[in-house]
Asker: 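Pasting in a structure now, in structure tokens, and then I'll have a few things to ask.
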Amino acid sequence: MTRARVRMSFTIPNLLSLLRMALVVPFIIALLNGQVKRALLVVVVAGISDLLDGFIARFFHQQSLLGTYLDPLADKLLVTAAYVILALPGLRLPGAFQIPSWVTVVVIARDVLLVVVALVLYLAAGVRSFPASVLSKITTVFQIGAVVVVLLTGIWPELDTAALVLVYTVAFLTLGSGLNYVWRANRLFERHPPAPPSTSSTSPPA
């Protein structure tokens, strides 16, 4: 029974999510070697696999509990790697826009906050499901879009202004979605208050 469940977990959408995780390595190597076009190609392949992942999961009814974790994790790994490396001052991407380090800190801090909030909700209130909000999904789209435009500035430097606007928009949306998660977590705590600690029914000895 256990083996059957494991086999069912590794559906095509989950394998596509694992593929996106594996693409993080060539993406990092391409950036460190200053290969903008190769890095862009990796992002395009990752984006296509993400679209196929969602389409196959919904259309062929291959949603799984494992997939609910793998899909966002694959996106977070690629986004985090991009923001960390594109903020490095010595990166060999001639003419490319450099992401301010504080924006990278905001992006990573928000993701850490999400993990902490989800863990606290699970441990304290037993909440197992904490789906991403619409604002969070919009933020992820802008984060990835900003990475694409920043990479394109290595080919077309005239996109610097667009990259600057997008990066600051990402910072604003990331802060907003982080606050939104805290607000939603507080609402969930109100609906699912932690159980009071059990007290012993035996009276203390006289």
Side-chain angles (χ1 to χ4, degrees), residues 10-57 63-64 66-88 91-93 96-116 118 130-155 159 162-163 166-175 177-178 181:
F10 283 97
T11 57
I12 293 177
N14 291 345
L15 292 175
L16 288 172
S17 295
L18 292 175
L19 170 64
R20 293 208 306 283
M21 291 183 185
L23 287 174
V24 173
V25 175
F27 178 72
I28 292 175
I29 293 174
L31 286 181
L32 293 177
N33 290 333
Q35 299 170 322
V36 178
K37 293 181 179 179
R38 184 169 296 182
L40 280 168
L41 178 61
V42 173
V43 172
V44 170
V45 173
I48 293 173
S49 72
D50 193 14
L51 292 175
L52 286 175
D53 174 353
F55 173 77
I56 294 173
Q63 296 97 332
S64 66
L66 180 61
T68 61
Y69 293 100
L70 287 181
D71 183 45
L73 179 59
D75 294 336
K76 296 301 179 189
L77 286 175
L78 187 63
V79 168
T80 300
Y83 276 82
V84 169
I85 295 177
L86 290 173
L88 296 176
L91 186 64
R92 293 181 296 171
L93 287 179
F97 179 86
Q98 182 180 337
I99 295 178
S101 56
W102 66 268
V103 174
T104 297
V105 171
V106 168
V107 169
I108 296 176
R110 177 253 194 179
D111 289 340
V112 172
L113 174 66
L114 302 192
V115 173
V116 171
F130 193 49
S133 64
V134 174
L135 179 58
S136 178
K137 293 178 180 180
I138 293 174
T139 300
T140 300
V141 171
F142 270 85
Q143 286 177 346
I144 296 173
V147 169
V148 172
V149 174
V150 167
L151 289 174
L152 286 174
T153 61
I155 304 174
L159 291 176
L166 269 176
V167 165
Y168 275 84
T169 302
V170 163
F172 176 77
L173 288 173
T174 303
L175 286 171
S177 63
Y181 263 102

Asker: Mind checking side-chain hydrogen bond (donor to acceptor under 3.5 Å, both in side chains) for Ser49 and listing every partner two or more places apart, or none if nothing turns up?
Answerer: none
Asker: According to salt bridge (charged side-chain N to carboxylate O under 4.0 Å, His left out), does anything in residues 132-152 pair up with another residue at least two apart or in another chain? List the pairs.
Answerer: none
Asker: Going by salt bridge (charged side-chain N to carboxylate O under 4.0 Å, His left out), name the pairs with one or both residues in residues 25-50, residues two or more places apart or in two chains.
Answerer: Arg20-Asp50
Asker: Leu175: what forms a side-chain contact (heavy atoms from CB on, under 4.5 Å) with it, not counting sequence neighbours?
Answerer: Val106
Asker: Quick one: side-chain hydrogen bond (donor to acceptor under 3.5 Å, both in side chains) partners of Ser17, sequence neighbours excluded?
Answerer: Asp53
Asker: Kindly give the heavy-atom pair with the smallest separation between Val150 and Ala163, and that separation in Å.
Answerer: CG2-CB, 4.1 Å
Asker: Would you mind listing every ring pair (Phe, Tyr, Trp, His ring centres under 6.0 Å) that reaches into residues 21-57, with sequence neighbours excluded?
Answerer: Phe55-Phe59
Asker: If the condition is side-chain contact (heavy atoms from CB on, under 4.5 Å), which residues does Leu77 pass it with, not counting sequence neighbours?
Answerer: Met21, Val24, Leu73
Asker: Name all residues meeting the side-chain contact (heavy atoms from CB on, under 4.5 Å) criterion together with Ile85; count only those two or more places apart in sequence or in a different chain, and write none if there are none.
Answerer: Ile28, Leu31, Leu32, Leu88, Leu91
Asker: Please say whether more than 12 non-hydrogen atoms of neighbouring residues, nucleotides or ligands are located less than 6.0 Å from CD1 in Ile155.
Answerer: yes
Asker: Can you list the residues that meet the side-chain hydrogen bond (donor to acceptor under 3.5 Å, both in side chains) rule with Thr80, with sequence neighbours excluded?
Answerer: none
Asker: Below 6.0 angstrom between ring centroids: does that apply to Trp102 and Tyr83?
Answerer: no
Asker: Whether the side chain of Ser177 engages the backbone of Leu135 through a donor-acceptor N/O pair (distance < 3.5 Å, no angle test) should be reported.
Answerer: no
Asker: Partners of Gln63 by side-chain contact (heavy atoms from CB on, under 4.5 Å), sequence neighbours excluded?
Answerer: Ala57, Arg58, His61
Asker: With sequence neighbours excluded, tell me which residues meet ring pair (Phe, Tyr, Trp, His ring centres under 6.0 Å) with Tyr69.
Answerer: none
Asker: With sequence neighbours excluded, what pairs up with Thr104 under the side-chain hydrogen bond (donor to acceptor under 3.5 Å, both in side chains) test?
Answerer: none
